[in-house]
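By convention in this document, chain letters (A, B, ...) are assigned in the order of the sequence lines, proteins followed by strands, and residues within each chain are numbered from 1. These numbers come from the heavy atoms of this one structure, side chains and all, not from hydrogens, waters or symmetry mates.
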There are 2 protein chains.
Amino acid sequence: MIAHHAPPPHDPRQNHLLAALPADEYAHLLSHLELVQMPLGLALYESGMQMRYVYFPTTAIVSLLYVMEDGASAEIAVIGNEGIVGVSLFMGGETTTNRAVVQSAGHAYRLQGLLLKDEFNRAGGRRAGTMQNLLLRYSQALITQMSQTAACNRHHSVDQQLCRWLLMSLDRLPANELIMTQELIANMLGVRREGVTEAAGKLHAAGLIEYHRGHITVLDRAGLEARVCECYTVVKQEFDRLLPEAIIP
Amino acid sequence: MIAHHAPPPHDPRQNHLLAALPADEYAHLLSHLELVQMPLGLALYESGMQMRYVYFPTTAIVSLLYVMEDGASAEIAVIGNEGIVGVSLFMGGETTTNRAVVQSAGHAYRLQGLLLKDEFNRAGGRRAGTMQNLLLRYSQALITQMSQTAACNRHHSVDQQLCRWLLMSLDRLPANELIMTQELIANMLGVRREGVTEAAGKLHAAGLIEYHRGHITVLDRAGLEARVCECYTVVKQEFDRLLPEAIIP
DNA sequence: TCAACTCGGTGCGCTGGCGTACAGACGCTT
DNA sequence: AAGCGTCTGTACGCCAGCGCACCGAGTTGA
(Lines give C-alpha, C1' and ligand atoms only; values in the text may rest on other atoms or scores of the structure.)
Protein backbone atom coordinates (compact mmCIF):
# COMPACT_ATOMS: atom_id res chain seq x y z
CA MET A 1 0.00 0.00 0.00
CA ILE A 2 2.76 2.41 -0.77
CA ALA A 3 0.78 4.60 -3.11
CA HIS A 4 -2.95 4.42 -2.99
CA HIS A 5 -5.03 7.03 -4.72
CA ALA A 6 -2.51 7.16 -7.53
CA PRO A 7 -3.61 9.79 -10.01
CA PRO A 8 -5.55 8.27 -12.88
CA PRO A 9 -3.22 7.45 -15.74
CA HIS A 10 -3.79 10.34 -18.10
CA ASP A 11 -1.95 10.18 -21.37
CA PRO A 12 -2.33 12.46 -24.39
CA ARG A 13 -2.05 9.40 -26.57
CA GLN A 14 -5.45 8.30 -25.46
CA ASN A 15 -6.45 10.72 -28.17
CA HIS A 16 -6.11 8.96 -31.46
CA LEU A 17 -4.93 11.93 -33.45
CA LEU A 18 -2.11 12.59 -31.03
CA ALA A 19 -1.34 8.90 -30.94
CA ALA A 20 -0.98 8.84 -34.70
CA LEU A 21 1.72 11.50 -34.77
CA PRO A 22 5.28 10.43 -35.41
CA ALA A 23 7.58 10.70 -32.40
CA ASP A 24 9.28 13.94 -33.42
CA GLU A 25 6.12 15.88 -34.08
CA TYR A 26 4.55 14.56 -30.93
CA ALA A 27 7.58 15.56 -28.89
CA HIS A 28 7.25 19.02 -30.30
CA LEU A 29 3.79 19.41 -28.88
CA LEU A 30 4.00 17.45 -25.69
CA SER A 31 5.27 20.18 -23.42
CA HIS A 32 2.49 22.47 -24.57
CA LEU A 33 -0.35 20.05 -24.03
CA GLU A 34 -2.34 20.90 -20.96
CA LEU A 35 -4.68 18.43 -19.31
CA VAL A 36 -8.07 19.95 -18.58
CA GLN A 37 -11.21 18.70 -16.90
CA MET A 38 -14.30 18.76 -19.03
CA PRO A 39 -17.40 18.89 -16.82
CA LEU A 40 -20.77 18.09 -18.34
CA GLY A 41 -22.29 21.11 -20.02
CA LEU A 42 -19.15 23.21 -20.25
CA ALA A 43 -19.18 25.36 -23.38
CA LEU A 44 -15.76 25.36 -25.01
CA TYR A 45 -16.80 27.78 -27.69
CA GLU A 46 -19.75 30.00 -28.30
CA SER A 47 -20.89 31.00 -31.76
CA GLY A 48 -18.68 33.72 -33.15
CA MET A 49 -16.34 33.84 -30.19
CA GLN A 50 -12.62 33.91 -30.64
CA MET A 51 -11.14 30.46 -30.03
CA ARG A 52 -7.98 30.44 -27.99
CA TYR A 53 -7.41 26.70 -27.71
CA VAL A 54 -8.02 23.51 -29.55
CA TYR A 55 -8.97 20.44 -27.53
CA PHE A 56 -7.95 16.83 -27.97
CA PRO A 57 -10.51 14.85 -25.96
CA THR A 58 -9.35 11.70 -24.26
CA THR A 59 -12.29 10.57 -22.14
CA ALA A 60 -14.68 13.45 -22.74
CA ILE A 61 -17.14 13.82 -25.60
CA VAL A 62 -17.95 17.17 -27.16
CA SER A 63 -20.96 18.10 -29.26
CA LEU A 64 -21.02 20.77 -31.89
CA LEU A 65 -24.40 22.45 -31.74
CA TYR A 66 -26.02 25.11 -33.76
CA VAL A 67 -28.31 27.25 -31.65
CA MET A 68 -30.99 29.11 -33.53
CA GLU A 69 -32.29 32.56 -32.82
CA ASP A 70 -35.37 31.17 -31.11
CA GLY A 71 -33.23 28.97 -28.87
CA ALA A 72 -33.86 25.68 -30.65
CA SER A 73 -30.72 23.67 -31.19
CA ALA A 74 -29.38 20.90 -33.36
CA GLU A 75 -26.32 18.75 -33.04
CA ILE A 76 -24.06 19.01 -36.03
CA ALA A 77 -21.28 16.63 -35.04
CA VAL A 78 -19.80 14.70 -32.16
CA ILE A 79 -16.15 14.68 -31.24
CA GLY A 80 -14.47 12.24 -28.88
CA ASN A 81 -11.01 10.78 -28.49
CA GLU A 82 -10.84 10.17 -32.23
CA GLY A 83 -10.69 13.85 -33.02
CA ILE A 84 -10.01 17.44 -32.24
CA VAL A 85 -12.30 20.29 -31.27
CA GLY A 86 -11.57 23.55 -33.04
CA VAL A 87 -10.74 22.77 -36.65
CA SER A 88 -11.65 26.35 -37.56
CA LEU A 89 -8.41 27.46 -36.02
CA PHE A 90 -6.19 25.84 -38.60
CA MET A 91 -8.74 26.32 -41.35
CA GLY A 92 -8.10 29.99 -40.84
CA GLY A 93 -11.47 31.14 -39.60
CA GLU A 94 -10.68 31.74 -35.91
CA THR A 95 -14.37 31.45 -35.06
CA THR A 96 -17.33 29.22 -35.91
CA THR A 97 -21.04 29.69 -35.97
CA ASN A 98 -21.31 26.63 -33.73
CA ARG A 99 -21.29 26.09 -30.05
CA ALA A 100 -19.10 23.35 -28.61
CA VAL A 101 -20.50 21.74 -25.47
CA VAL A 102 -19.24 18.92 -23.31
CA GLN A 103 -21.75 16.17 -23.76
CA SER A 104 -20.04 13.59 -21.58
CA ALA A 105 -17.74 14.63 -18.77
CA GLY A 106 -14.10 13.60 -18.85
CA HIS A 107 -10.75 15.01 -19.81
CA ALA A 108 -9.04 16.54 -22.77
CA TYR A 109 -5.66 18.05 -23.61
CA ARG A 110 -5.74 21.54 -24.83
CA LEU A 111 -3.24 23.41 -26.94
CA GLN A 112 -2.92 27.08 -27.71
CA GLY A 113 -4.32 27.92 -31.10
CA LEU A 114 -1.17 29.66 -32.23
CA LEU A 115 0.98 26.66 -31.43
CA LEU A 116 -1.33 24.39 -33.36
CA LYS A 117 -1.19 26.66 -36.37
CA ASP A 118 2.59 26.63 -36.26
CA GLU A 119 2.65 22.89 -36.15
CA PHE A 120 0.06 22.71 -38.91
CA ASN A 121 2.13 24.91 -41.20
CA ARG A 122 5.52 23.50 -40.30
CA ALA A 123 7.03 22.12 -43.47
CA GLY A 124 10.10 20.08 -42.62
CA GLY A 125 12.04 17.96 -45.03
CA ARG A 126 8.75 16.64 -46.29
CA ARG A 127 6.31 18.84 -48.13
CA ALA A 128 4.06 19.20 -45.14
CA GLY A 129 3.98 17.77 -41.66
CA THR A 130 2.11 14.62 -40.78
CA MET A 131 0.13 16.86 -38.51
CA GLN A 132 -1.28 18.82 -41.38
CA ASN A 133 -2.14 15.71 -43.29
CA LEU A 134 -3.81 14.15 -40.29
CA LEU A 135 -5.81 17.22 -39.38
CA LEU A 136 -7.03 17.66 -42.91
CA ARG A 137 -8.16 14.10 -43.17
CA TYR A 138 -9.91 14.44 -39.85
CA SER A 139 -11.60 17.57 -41.12
CA GLN A 140 -12.92 15.68 -44.06
CA ALA A 141 -14.27 13.01 -41.77
CA LEU A 142 -15.97 15.76 -39.81
CA ILE A 143 -17.45 17.14 -43.01
CA THR A 144 -18.82 13.72 -43.78
CA GLN A 145 -20.41 13.58 -40.38
CA MET A 146 -22.02 16.98 -40.84
CA SER A 147 -23.32 16.18 -44.27
CA GLN A 148 -24.76 12.91 -43.05
CA THR A 149 -26.39 14.72 -40.16
CA ALA A 150 -28.07 17.05 -42.62
CA ALA A 151 -29.44 14.14 -44.63
CA CYS A 152 -30.46 12.23 -41.51
CA ASN A 153 -32.31 15.22 -40.14
CA ARG A 154 -34.23 15.42 -43.35
CA HIS A 155 -35.27 11.83 -43.80
CA HIS A 156 -35.04 9.69 -40.68
CA SER A 157 -37.26 9.22 -37.68
CA VAL A 158 -36.49 10.11 -34.10
CA ASP A 159 -36.21 6.41 -33.34
CA GLN A 160 -33.46 5.92 -35.86
CA GLN A 161 -31.66 9.04 -34.86
CA LEU A 162 -31.68 8.05 -31.22
CA CYS A 163 -30.02 4.77 -32.17
CA ARG A 164 -27.43 6.64 -34.17
CA TRP A 165 -26.79 9.00 -31.32
CA LEU A 166 -26.41 6.23 -28.78
CA LEU A 167 -24.01 4.29 -30.98
CA MET A 168 -21.90 7.31 -31.79
CA SER A 169 -21.63 8.11 -28.10
CA LEU A 170 -20.86 4.52 -27.25
CA ASP A 171 -18.03 4.44 -29.76
CA ARG A 172 -16.37 7.25 -27.90
CA LEU A 173 -16.78 5.88 -24.39
CA PRO A 174 -14.97 3.11 -22.56
CA ALA A 175 -18.09 1.77 -20.85
CA ASN A 176 -21.59 0.96 -22.04
CA GLU A 177 -23.17 3.52 -19.76
CA LEU A 178 -24.00 7.10 -20.64
CA ILE A 179 -24.73 9.85 -18.16
CA MET A 180 -27.36 11.78 -20.01
CA THR A 181 -30.95 12.74 -19.37
CA GLN A 182 -33.58 12.39 -22.04
CA GLU A 183 -34.01 16.12 -21.95
CA LEU A 184 -30.40 16.67 -22.94
CA ILE A 185 -30.57 14.09 -25.69
CA ALA A 186 -33.62 15.92 -27.00
CA ASN A 187 -31.62 19.15 -27.10
CA MET A 188 -28.88 17.45 -29.05
CA LEU A 189 -31.19 15.89 -31.58
CA GLY A 190 -33.28 19.01 -31.76
CA VAL A 191 -36.52 17.22 -30.92
CA ARG A 192 -39.00 17.21 -28.04
CA ARG A 193 -38.14 15.55 -24.78
CA GLU A 194 -41.30 13.47 -25.08
CA GLY A 195 -40.16 12.22 -28.44
CA VAL A 196 -37.02 10.87 -26.86
CA THR A 197 -39.01 9.31 -24.02
CA GLU A 198 -41.13 7.49 -26.53
CA ALA A 199 -38.24 6.32 -28.68
CA ALA A 200 -36.25 5.24 -25.63
CA GLY A 201 -39.33 3.40 -24.38
CA LYS A 202 -39.37 1.33 -27.55
CA LEU A 203 -35.70 0.47 -27.21
CA HIS A 204 -36.29 -0.46 -23.61
CA ALA A 205 -39.26 -2.63 -24.49
CA ALA A 206 -37.07 -4.39 -27.03
CA GLY A 207 -34.54 -5.09 -24.30
CA LEU A 208 -31.79 -3.06 -25.94
CA ILE A 209 -31.26 -0.44 -23.29
CA GLU A 210 -31.91 0.18 -19.62
CA TYR A 211 -32.14 3.60 -18.13
CA HIS A 212 -32.82 5.36 -14.94
CA ARG A 213 -32.76 9.03 -14.13
CA GLY A 214 -29.98 10.20 -16.36
CA HIS A 215 -28.11 6.92 -16.63
CA ILE A 216 -28.48 4.95 -19.82
CA THR A 217 -27.03 1.47 -20.09
CA VAL A 218 -26.76 -0.23 -23.43
CA LEU A 219 -27.53 -3.91 -23.07
CA ASP A 220 -27.56 -5.02 -26.66
CA ARG A 221 -25.34 -3.08 -28.97
CA ALA A 222 -25.99 -5.37 -31.89
CA GLY A 223 -29.68 -4.73 -31.44
CA LEU A 224 -29.13 -1.00 -31.81
CA GLU A 225 -27.03 -1.56 -34.89
CA ALA A 226 -29.88 -3.52 -36.40
CA ARG A 227 -32.24 -0.58 -35.96
CA VAL A 228 -30.02 2.32 -36.80
CA CYS A 229 -30.22 4.09 -40.14
CA GLU A 230 -27.47 3.89 -42.71
CA CYS A 231 -26.11 7.24 -41.54
CA TYR A 232 -24.25 5.71 -38.63
CA THR A 233 -22.45 3.15 -40.74
CA VAL A 234 -21.60 5.54 -43.54
CA VAL A 235 -19.94 7.97 -41.17
CA LYS A 236 -18.10 5.30 -39.27
CA GLN A 237 -16.74 3.67 -42.39
CA GLU A 238 -15.63 7.00 -43.70
CA PHE A 239 -13.77 7.73 -40.48
CA ASP A 240 -12.02 4.41 -40.70
CA ARG A 241 -11.13 4.93 -44.31
CA LEU A 242 -9.78 8.42 -43.77
CA LEU A 243 -7.97 7.74 -40.54
CA PRO A 244 -6.82 4.13 -40.59
CA GLU A 245 -4.12 4.94 -38.07
CA ALA A 246 -6.73 6.04 -35.58
CA ILE A 247 -9.44 3.43 -35.79
CA ILE A 248 -11.83 3.32 -32.89
CA PRO A 249 -11.80 -0.26 -31.69
CA MET B 1 -18.75 44.35 -88.28
CA ILE B 2 -15.33 42.86 -88.44
CA ALA B 3 -15.89 40.09 -85.96
CA HIS B 4 -19.39 39.00 -85.18
CA HIS B 5 -20.06 35.82 -83.28
CA ALA B 6 -17.02 36.44 -81.11
CA PRO B 7 -16.60 33.56 -78.66
CA PRO B 8 -18.23 34.32 -75.33
CA PRO B 9 -15.72 35.96 -73.04
CA HIS B 10 -14.73 33.12 -70.76
CA ASP B 11 -12.24 33.96 -68.10
CA PRO B 12 -11.08 31.82 -65.18
CA ARG B 13 -11.20 34.90 -63.01
CA GLN B 14 -14.94 34.87 -63.15
CA ASN B 15 -14.40 32.37 -60.38
CA HIS B 16 -13.77 34.29 -57.21
CA LEU B 17 -11.25 31.91 -55.75
CA LEU B 18 -9.10 32.06 -58.85
CA ALA B 19 -9.57 35.79 -58.98
CA ALA B 20 -8.26 36.11 -55.45
CA LEU B 21 -4.94 34.45 -56.22
CA PRO B 22 -1.84 36.60 -56.51
CA ALA B 23 -0.48 36.92 -60.01
CA ASP B 24 2.35 34.42 -59.64
CA GLU B 25 0.22 31.63 -58.24
CA TYR B 26 -2.44 32.25 -60.80
CA ALA B 27 0.10 32.15 -63.63
CA HIS B 28 1.24 28.80 -62.30
CA LEU B 29 -2.19 27.31 -62.77
CA LEU B 30 -3.43 29.11 -65.82
CA SER B 31 -2.03 26.80 -68.46
CA HIS B 32 -3.57 23.82 -66.71
CA LEU B 33 -7.04 25.21 -66.37
CA GLU B 34 -9.40 23.66 -68.84
CA LEU B 35 -12.75 25.21 -69.71
CA VAL B 36 -15.56 22.68 -69.58
CA GLN B 37 -19.26 22.83 -70.33
CA MET B 38 -21.52 21.89 -67.46
CA PRO B 39 -24.90 20.75 -68.75
CA LEU B 40 -27.81 20.54 -66.35
CA GLY B 41 -27.82 17.26 -64.49
CA LEU B 42 -24.26 16.24 -65.17
CA ALA B 43 -22.78 14.34 -62.24
CA LEU B 44 -19.23 15.45 -61.58
CA TYR B 45 -18.72 12.94 -58.82
CA GLU B 46 -20.58 9.95 -57.54
CA SER B 47 -20.40 8.80 -53.95
CA GLY B 48 -17.17 6.95 -53.31
CA MET B 49 -15.78 7.44 -56.79
CA GLN B 50 -12.23 8.55 -57.34
CA MET B 51 -12.12 12.25 -58.16
CA ARG B 52 -9.78 13.17 -60.98
CA TYR B 53 -10.49 16.86 -61.25
CA VAL B 54 -11.52 19.79 -59.19
CA TYR B 55 -13.88 22.34 -60.73
CA PHE B 56 -13.94 26.09 -60.43
CA PRO B 57 -17.42 27.10 -61.60
CA THR B 58 -17.78 30.38 -63.40
CA THR B 59 -21.36 30.46 -64.64
CA ALA B 60 -22.50 26.99 -63.54
CA ILE B 61 -23.89 26.02 -60.15
CA VAL B 62 -23.19 22.66 -58.58
CA SER B 63 -25.09 20.93 -55.79
CA LEU B 64 -23.62 18.49 -53.35
CA LEU B 65 -26.24 15.85 -52.67
CA TYR B 66 -26.37 12.89 -50.41
CA VAL B 67 -28.37 10.08 -51.92
CA MET B 68 -29.75 7.56 -49.47
CA GLU B 69 -30.07 3.85 -49.97
CA ASP B 70 -33.76 4.17 -50.73
CA GLY B 71 -33.07 6.81 -53.36
CA ALA B 72 -34.20 9.82 -51.33
CA SER B 73 -31.80 12.71 -51.55
CA ALA B 74 -30.84 15.85 -49.71
CA GLU B 75 -28.80 18.81 -50.74
CA ILE B 76 -25.85 19.41 -48.50
CA ALA B 77 -24.31 22.46 -50.07
CA VAL B 78 -24.30 24.64 -53.18
CA ILE B 79 -21.21 25.76 -55.01
CA GLY B 80 -21.05 28.48 -57.61
CA ASN B 81 -18.47 30.92 -58.85
CA GLU B 82 -17.51 31.72 -55.29
CA GLY B 83 -16.00 28.30 -54.71
CA ILE B 84 -14.49 25.05 -55.81
CA VAL B 85 -15.98 21.60 -56.24
CA GLY B 86 -13.84 18.81 -54.88
CA VAL B 87 -12.37 19.97 -51.59
CA SER B 88 -11.86 16.32 -50.63
CA LEU B 89 -8.95 16.19 -53.02
CA PHE B 90 -6.76 18.53 -51.04
CA MET B 91 -8.21 17.40 -47.74
CA GLY B 92 -6.61 14.09 -48.53
CA GLY B 93 -9.64 11.89 -48.91
CA GLU B 94 -9.74 11.45 -52.69
CA THR B 95 -13.43 10.52 -52.50
CA THR B 96 -16.59 11.78 -50.82
CA THR B 97 -19.84 10.19 -49.80
CA ASN B 98 -21.60 12.91 -51.75
CA ARG B 99 -22.73 13.27 -55.28
CA ALA B 100 -21.95 16.49 -57.13
CA VAL B 101 -24.56 17.44 -59.72
CA VAL B 102 -24.82 20.42 -62.01
CA GLN B 103 -27.84 22.29 -60.81
CA SER B 104 -27.66 25.16 -63.24
CA ALA B 105 -25.98 24.78 -66.60
CA GLY B 106 -22.97 26.86 -67.45
CA HIS B 107 -19.22 26.61 -67.48
CA ALA B 108 -16.39 25.80 -65.14
CA TYR B 109 -12.64 25.46 -65.30
CA ARG B 110 -11.30 22.16 -64.24
CA LEU B 111 -7.90 21.26 -62.95
CA GLN B 112 -6.27 17.89 -62.44
CA GLY B 113 -6.38 16.81 -58.84
CA LEU B 114 -2.65 16.18 -58.66
CA LEU B 115 -1.85 19.66 -59.87
CA LEU B 116 -4.14 21.18 -57.33
CA LYS B 117 -2.51 19.21 -54.56
CA ASP B 118 0.90 20.40 -55.67
CA GLU B 119 -0.24 23.97 -55.62
CA PHE B 120 -1.92 23.45 -52.27
CA ASN B 121 1.26 22.12 -50.71
CA ARG B 122 3.67 24.46 -52.41
CA ALA B 123 5.49 26.38 -49.72
CA GLY B 124 7.36 29.23 -51.27
CA GLY B 125 9.15 31.96 -49.40
CA ARG B 126 6.10 32.24 -47.18
CA ARG B 127 5.05 29.45 -44.88
CA ALA B 128 2.32 28.28 -47.18
CA GLY B 129 0.88 29.50 -50.42
CA THR B 130 -2.04 31.86 -50.66
CA MET B 131 -3.76 29.03 -52.42
CA GLN B 132 -3.68 26.85 -49.35
CA ASN B 133 -4.90 29.61 -47.17
CA LEU B 134 -7.71 30.46 -49.55
CA LEU B 135 -8.84 26.89 -50.03
CA LEU B 136 -8.88 26.23 -46.33
CA ARG B 137 -10.94 29.28 -45.64
CA TYR B 138 -13.31 28.28 -48.38
CA SER B 139 -13.56 24.84 -46.83
CA GLN B 140 -14.57 26.35 -43.58
CA ALA B 141 -17.23 28.36 -45.31
CA LEU B 142 -18.45 25.15 -46.86
CA ILE B 143 -18.53 23.52 -43.44
CA THR B 144 -20.63 26.39 -42.19
CA GLN B 145 -23.04 25.88 -45.04
CA MET B 146 -23.34 22.18 -44.31
CA SER B 147 -23.84 22.68 -40.64
CA GLN B 148 -26.49 25.28 -41.28
CA THR B 149 -28.20 22.95 -43.71
CA ALA B 150 -28.38 20.32 -40.99
CA ALA B 151 -29.97 22.75 -38.57
CA CYS B 152 -32.32 24.13 -41.20
CA ASN B 153 -33.46 20.65 -42.16
CA ARG B 154 -34.30 20.02 -38.57
CA HIS B 155 -36.24 23.11 -37.72
CA HIS B 156 -37.49 25.08 -40.68
CA SER B 157 -40.47 24.73 -42.96
CA VAL B 158 -40.45 23.96 -46.65
CA ASP B 159 -41.53 27.53 -47.31
CA GLN B 160 -38.51 28.93 -45.59
CA GLN B 161 -36.17 26.48 -47.17
CA LEU B 162 -37.43 27.25 -50.61
CA CYS B 163 -36.69 30.93 -50.02
CA ARG B 164 -33.23 30.03 -48.83
CA TRP B 165 -32.67 27.85 -51.85
CA LEU B 166 -33.83 30.50 -54.29
CA LEU B 167 -31.67 33.17 -52.73
CA MET B 168 -28.61 31.00 -52.66
CA SER B 169 -29.07 30.16 -56.31
CA LEU B 170 -29.71 33.77 -57.19
CA ASP B 171 -26.49 34.82 -55.50
CA ARG B 172 -24.61 32.58 -57.87
CA LEU B 173 -26.32 33.61 -61.07
CA PRO B 174 -26.00 36.73 -63.19
CA ALA B 175 -29.71 36.94 -63.96
CA ASN B 176 -32.85 36.68 -61.88
CA GLU B 177 -34.11 33.67 -63.75
CA LEU B 178 -33.54 30.04 -62.82
CA ILE B 179 -34.00 27.10 -65.14
CA MET B 180 -35.32 24.53 -62.74
CA THR B 181 -38.46 22.46 -62.43
CA GLN B 182 -40.28 22.11 -59.15
CA GLU B 183 -39.54 18.43 -59.27
CA LEU B 184 -35.80 19.06 -59.30
CA ILE B 185 -36.05 21.59 -56.50
CA ALA B 186 -37.92 18.99 -54.51
CA ASN B 187 -35.07 16.53 -55.06
CA MET B 188 -32.59 19.07 -53.83
CA LEU B 189 -34.51 19.97 -50.74
CA GLY B 190 -35.41 16.36 -50.10
CA VAL B 191 -39.15 17.04 -50.01
CA ARG B 192 -42.17 16.16 -52.12
CA ARG B 193 -42.77 17.86 -55.41
CA GLU B 194 -46.24 18.88 -54.19
CA GLY B 195 -44.66 20.55 -51.22
CA VAL B 196 -42.62 22.74 -53.52
CA THR B 197 -45.68 23.49 -55.65
CA GLU B 198 -47.50 24.68 -52.59
CA ALA B 199 -44.65 26.77 -51.25
CA ALA B 200 -43.97 28.26 -54.67
CA GLY B 201 -47.67 29.02 -54.98
CA LYS B 202 -47.50 31.11 -51.85
CA LEU B 203 -44.51 33.05 -53.11
CA HIS B 204 -46.30 33.59 -56.39
CA ALA B 205 -49.44 34.77 -54.66
CA ALA B 206 -47.31 37.24 -52.74
CA GLY B 207 -45.93 38.55 -56.01
CA LEU B 208 -42.37 37.54 -55.26
CA ILE B 209 -41.79 35.09 -58.07
CA GLU B 210 -43.16 34.11 -61.44
CA TYR B 211 -42.71 30.71 -62.97
CA HIS B 212 -43.64 28.65 -65.91
CA ARG B 213 -42.65 25.15 -66.85
CA GLY B 214 -39.16 25.06 -65.52
CA HIS B 215 -38.39 28.75 -65.59
CA ILE B 216 -38.49 30.67 -62.35
CA THR B 217 -38.17 34.43 -62.34
CA VAL B 218 -37.57 36.27 -59.13
CA LEU B 219 -39.51 39.52 -59.12
CA ASP B 220 -38.91 40.73 -55.60
CA ARG B 221 -35.69 39.68 -54.05
CA ALA B 222 -36.21 41.79 -50.96
CA GLY B 223 -39.50 40.03 -50.41
CA LEU B 224 -37.74 36.68 -50.38
CA GLU B 225 -35.19 38.00 -47.94
CA ALA B 226 -37.99 39.05 -45.65
CA ARG B 227 -39.37 35.52 -45.56
CA VAL B 228 -36.20 33.46 -45.46
CA CYS B 229 -34.97 31.87 -42.26
CA GLU B 230 -31.84 33.01 -40.50
CA CYS B 231 -29.87 30.21 -42.14
CA TYR B 232 -29.40 32.10 -45.35
CA THR B 233 -28.00 35.17 -43.69
CA VAL B 234 -25.74 33.28 -41.33
CA VAL B 235 -24.10 31.38 -44.16
CA LYS B 236 -23.76 34.40 -46.36
CA GLN B 237 -22.20 36.50 -43.64
CA GLU B 238 -19.80 33.74 -42.81
CA PHE B 239 -18.74 33.48 -46.45
CA ASP B 240 -18.10 37.20 -46.55
CA ARG B 241 -16.17 37.12 -43.33
CA LEU B 242 -14.00 34.19 -44.37
CA LEU B 243 -13.42 35.27 -47.94
CA PRO B 244 -13.47 39.05 -48.02
CA GLU B 245 -11.42 39.01 -51.21
CA ALA B 246 -14.15 37.05 -52.96
CA ILE B 247 -17.34 38.72 -51.92
CA ILE B 248 -20.34 37.97 -54.08
CA PRO B 249 -21.72 41.35 -55.13
C1' DT C 1 -52.76 17.46 -86.46
C1' DC C 2 -52.70 14.29 -83.12
C1' DA C 3 -50.39 11.59 -79.63
C1' DA C 4 -47.18 11.26 -76.01
C1' DC C 5 -44.89 13.35 -72.52
C1' DT C 6 -43.62 16.85 -69.09
C1' DC C 7 -44.83 20.10 -65.74
C1' DG C 8 -47.70 21.98 -62.40
C1' DG C 9 -52.18 22.15 -59.50
C1' DT C 10 -55.47 19.93 -56.37
C1' DG C 11 -57.65 16.83 -53.23
C1' DC C 12 -57.76 13.27 -49.52
C1' DG C 13 -56.50 10.49 -45.72
C1' DC C 14 -52.60 9.33 -42.79
C1' DT C 15 -48.96 9.87 -39.48
C1' DG C 16 -44.89 11.65 -37.09
C1' DG C 17 -43.66 15.03 -34.43
C1' DC C 18 -45.09 19.40 -31.90
C1' DG C 19 -47.07 22.11 -27.88
C1' DT C 20 -49.17 21.77 -23.72
C1' DA C 21 -50.45 19.95 -19.52
C1' DC C 22 -50.23 17.03 -15.71
C1' DA C 23 -48.83 13.21 -12.64
C1' DG C 24 -46.01 9.71 -10.55
C1' DA C 25 -41.36 8.32 -9.17
C1' DC C 26 -37.01 8.95 -7.53
C1' DG C 27 -33.39 11.11 -4.85
C1' DC C 28 -31.17 14.73 -2.61
C1' DT C 29 -31.37 18.15 1.13
C1' DT C 30 -32.64 19.74 5.42
C1' DA D 1 -39.09 12.31 7.91
C1' DA D 2 -40.61 15.57 5.22
C1' DG D 3 -40.19 18.28 1.25
C1' DC D 4 -38.73 19.84 -3.02
C1' DG D 5 -36.65 19.61 -7.45
C1' DT D 6 -35.53 16.60 -11.24
C1' DC D 7 -36.52 13.01 -14.38
C1' DT D 8 -39.74 10.25 -16.82
C1' DG D 9 -44.42 8.63 -18.50
C1' DT D 10 -48.88 9.67 -20.57
C1' DA D 11 -52.54 11.94 -22.84
C1' DC D 12 -54.84 15.08 -26.16
C1' DG D 13 -55.45 18.10 -29.93
C1' DC D 14 -53.05 20.09 -33.84
C1' DC D 15 -50.56 20.57 -38.10
C1' DA D 16 -46.85 20.09 -41.59
C1' DG D 17 -45.53 17.10 -44.65
C1' DC D 18 -46.14 12.45 -46.83
C1' DG D 19 -48.04 9.06 -50.26
C1' DC D 20 -51.21 8.54 -53.63
C1' DA D 21 -54.21 9.60 -57.31
C1' DC D 22 -55.87 12.31 -60.85
C1' DC D 23 -56.34 16.17 -64.01
C1' DG D 24 -55.36 20.01 -67.17
C1' DA D 25 -52.27 22.82 -69.63
C1' DG D 26 -48.02 23.20 -72.35
C1' DT D 27 -44.60 21.34 -75.21
C1' DT D 28 -42.51 18.21 -78.36
C1' DG D 29 -42.24 15.12 -82.01
C1' DA D 30 -44.00 12.05 -85.54
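- When the P atom of D/dT10 is taken as reference, atom NE2 of A/His204 falls 11 Å away, rounded to whole Å.
- Atom-to-atom, OH of B/Tyr211 to C1' of D/dA25 comes out at 14 Å; the value is rounded to the nearest Å.
- The nearest heavy atom of DNA chain D to A/Thr181 and to A/Arg154 marks one nucleotide each, and the one closer to the 5' end goes with A/Thr181.
- If you check every strand for non-hydrogen atoms under 4.0 Å, A/Gly195 touches nothing.
- Mapping heavy-atom proximity under 4.0 Å, the span of DNA chain C touched by chain A runs 5' to 3' from C/dG17 to C/dG27.
- For the pair A/Met180 CE and D/dC7 P, the computed distance is 11 Å after rounding to whole Å.
- Using modelled atom types, one finds no donor on one side chain facing an acceptor on the other under 3.5 Å when comparing B/Arg164 with B/Gln148.
- Residue B/Gln182 is the one, among A/His212 and B/Gln182, whose nearest nucleotide of DNA chain C lies closer to the 5' end (criterion: closest heavy atom).
- In B/Gln37, the CD atom is not crowded: 12 or fewer heavy atoms of neighbouring residues, nucleotides or ligands sit closer than 6.0 Å.
- Atom-to-atom distance recorded for A/Trp165:CH2 and A/Gln103:CD is 4.0 Å, nearest 0.5 angstrom.
- For CD of B/Gln160, the number of neighbouring non-hydrogen atoms (other residues, nucleotides, ligands) closer than 6.0 Å is greater than 12.
- In this structure, A/His10 and A/His107 have tilted ring planes: the angle between them lies in the 30° to 60° band.
- Nearer to the 5' terminus of DNA chain D, by closest-nucleotide assignment, is the contact made by A/His215 (compared with the other of A/His215 and A/Arg192).
- The C1' atoms of five pairs define one axis at each end of the helix from C/dT1-D/dA30 to C/dT30-D/dA1, and these two axes lie 30° apart (to 10°).
- The cationic group of B/Arg110 lies under 6.0 Å from the six-membered ring centre of B/Tyr53 and within 45° of the ring axis, placing it in a cation-pi geometry.
- A/Ile185 has its CD1 atom 15 Å from the C1' atom of D/dG9, to the nearest Å.
- The listed nucleotides are D/dA25, D/dT10, D/dG19; the one nearest the side chain of A/Thr197 is D/dT10.
- Atom-to-atom, CD1 of A/Ile216 to C1' of D/dT8 comes out at 12 Å; the value is rounded to the nearest Å.
- Among the protein residues, B/Glu194 comes within range of the nucleic acid bases, having at least one heavy atom under 4.0 Å from a base atom.
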(message) Pair A/His215, A/Ile179 - check side chain to side chain contact (heavy atoms under 4.5 Å, CB included), show working.
(response) CA-CA 5 Å; A/His215 293 244; A/Ile179 314 264; 3.5 Å; yes
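- B/Arg193 places its CZ atom 17 Å from the C1' atom of D/dA16, with the value rounded to the nearest Å.
- B/Thr144 and A/Thr97 are not linked by any side-chain donor-acceptor pair at a separation below 3.5 angstrom, with hydrogens and angles left out of the test.
- Atoms CG (B/Asn153) and C1' (D/dA16) sit 15 Å apart, rounded to a whole Å.
- Annotation: side chain of B/Asn176 is not in contact with side chain of B/Arg221 (no heavy-atom distance under 4.5 Å).
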